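Here the structure comes first, spelled out in structure tokens, and everything after it is commentary.
Because only heavy atoms are used, hydrogens play no part in the values below, and waters and symmetry mates are left out as well, while side chains stay in. The shown structure was predicted, so the numbers you read here are calculated from the model rather than taken from an experiment.
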Amino acid sequence: MIVGILGCGAIANIIVNNFLSKNSGINIKYFYDHDMEKAENLASIANGIAVLDIEDMIDNVDLVLEAASPISVEKFGLNVLNKGKNIIIMSIGALMDENIRKRMIEAANSNNAKIFAPSGAIVGLDGIKAASIGKINKATLTTRKPPKSLGKATDEEEILYEGKASEAVKMFPVNINVAAALSIACNMDVDVKIIVDPNVDKNVHEVIVEGDFGQFKTRTENLPCEVNPKTSMLAAYSAIKLLKSLNENFIMGT
């Protein structure tokens with residue numbers, strides 16, 4: 001499988017370094033970023049090709065892994081699918097826009113392509129997907145992050161946002177993809193609270209889901225990526241595991 005990466009930041013670097021010198025059947029070969037230097041640097045590490053025009057990547061890959069931004073999903077996602085290529089979307093907040101999600105799903109259906117969305121920085125999505133077969137009555141997400149990961153300088157805990165996920169992803173497009181993942185898995189616009197907390201050194205996500213199956217609670221404490229504190233290591237690992245599973249014959253989990 002030949003893979004192209006759209007967005008050559010922290011997540012892309014973690015993914016590429018994990019696949020180096022491994023016989024996984026996955027060849028991460030093409031790289032595109034609006035910052036050409038980033039694409040060239042990552043391409044040199046992977047012995048791949050940095051492209052100036054994303055079309056040169058799409059035409060030569062089986063799958064595009066987006067690790068850039070919600071805007072990049074809107075700008076390039078449909079084109080990937082219309083050419084019959086699969087896509088992994090890390091910036092899942094873009095899919096909270098029902099129009100964008102509908103158009104991308106229609107494009108995938110029409111061109112025999114697939115859209116993959118890794119579980120990202122929270123645990124428990126398998127359980128939520130199973131629970132969504134029945135009725136989910138309530139789903140909440142409380143996120144606590146250290147000031148650095150939110151670009152804040154404060155010594156006091158502060159609630160930055162309290163409301164629906166659909167608005168949270170607009171206000172914090174690179175910080176709260178977990179809210180979108182949870183909402184899409186639940187088939188509802190979940191309630192979100194975002195707290196900047198100088199007393200934590202991890203990105204903490206607490207999820208409560210209630211429905212006709214019962215109730216479960218999860219708490220994920222993610223170590224932020226050293227290169228980019230806005231990114232949790234688990235998010236990158238989830239993409240790596242998803243990529244590997246595409247070539248596996250035994251699939252674990254819902």
Side-chain angles (χ1 to χ4, degrees), residues 3 5-22 24 26 28 31 33 35 38-39 41-42 45-46 63-70 72-73 87-95 116-128 141-152 160 165 168-169 172-182 184-185 192 194-207 217-246 248 252-253:
V3 175
I5 291 187
L6 164 58
C8 299
I11 286 180
N13 273 270
I14 295 169
I15 292 170
V16 167
N17 279 284
N18 186 273
F19 280 96
L20 289 178
S21 303
K22 292 184 179 178
S24 60
I26 295 169
I28 303 178
F31 300 86
D33 196 288
D35 183 338
K38 285 185 177 180
N41 288 340
L42 201 50
I45 292 171
L63 178 146
V64 172
L65 192 154
E66 175 278 321
S69 67
S72 294
V73 176
I87 187 169
I88 293 177
I89 296 177
M90 300 300 296
S91 304
I92 193 173
L95 300 186
F116 299 97
S119 53
I122 56 171
V123 299
L125 281 189
D126 269 13
I128 293 168
L141 167 70
T142 301
T143 290
R144 290 180 179 271
K145 291 195 173 189
K148 185 178 180 181
S149 72
L150 287 165
K152 297 285 184 179
L160 296 183
V169 298
F172 303 90
V174 297
N175 288 101
I176 203 68
N177 279 306
V178 290
L182 181 60
I184 292 171
V192 175
I194 303 172
I195 302 169
V196 58
D197 188 345
N199 298 310
V200 300
D201 59 357
K202 301 178 180 69
N203 298 327
V204 182
H205 305 292
E206 295 179 313
V207 174
K217 302 178 181 180
T218 67
R219 178 182 173 94
T220 311
E221 298 185 8
N222 287 314
L223 288 172
C225 174
E226 291 183 4
V227 178
N228 182 1
K230 295 178 182 179
T231 299
S232 297
M233 289 294 292
L234 186 62
Y237 289 165
S238 73
I240 292 166
K241 184 58 182 175
L242 174 56
L243 259 179
K244 291 181 176 179
S245 73
L246 299 180
E248 293 173 354
M252 181 68 188

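Going from atom CG of Leu160 over to atom NZ of Lys145 covers 10.5 Å, rounded to the nearest 0.5 Å. Considering NZ of Lys202 and CG of Asp197, their distance stands at 12.0 Å, rounded to 0.5 Å. The structure places CG of Leu234 at 12.5 Å from SG of Cys225, a figure rounded to the nearest 0.5 Å. Of the inter-residue distances, the one linking Asn175 atom CG with Leu150 atom CG reads 5.0 Å to the nearest 0.5 angstrom. Here Arg219 contributes atom CZ and Thr142 contributes atom OG1; the two are 10.0 Å apart, rounded to the nearest 0.5 Å. To the nearest 0.5 Å, atoms CD1 (Ile240) and CZ (Phe19) are separated by 6.5 Å.
For Asp33 (side chain) and Lys38 (main-chain N/O), no donor-acceptor pair under 3.5 Å exists by modelled atom type. Checking side-chain atoms of Glu66 against main-chain N and O of Ser72 turns up no donor-acceptor pair under 3.5 Å. Distance alone, capped at 3.5 Å, places no donor-acceptor pair between the Thr220 side chain and the Ile122 backbone. In this structure, the side chain of Asn203 does not engage the main chain of Asn222 through any donor-acceptor pair within 3.5 Å.
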(Q) Test side-chain contact (heavy atoms from CB on, under 4.5 Å) on Glu248 and Lys241; report intermediate values, then the result. (A) CA-CA 10 Å; Glu248 293 173 354; Lys241 184 58 182 175; 3.8 Å; yes
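A 6.0 Å sphere centred on CZ of Phe172 holds more than 12 heavy atoms belonging to other residues, nucleotides or ligands. Counting non-hydrogen atoms of other residues, nucleotides and ligands closer than 6.0 Å to NZ of Lys244 gives a total above 12.
Nearest heavy atom pair, residue Ile5 against residue Gly7, reads CG2-O, 3.3 Å.
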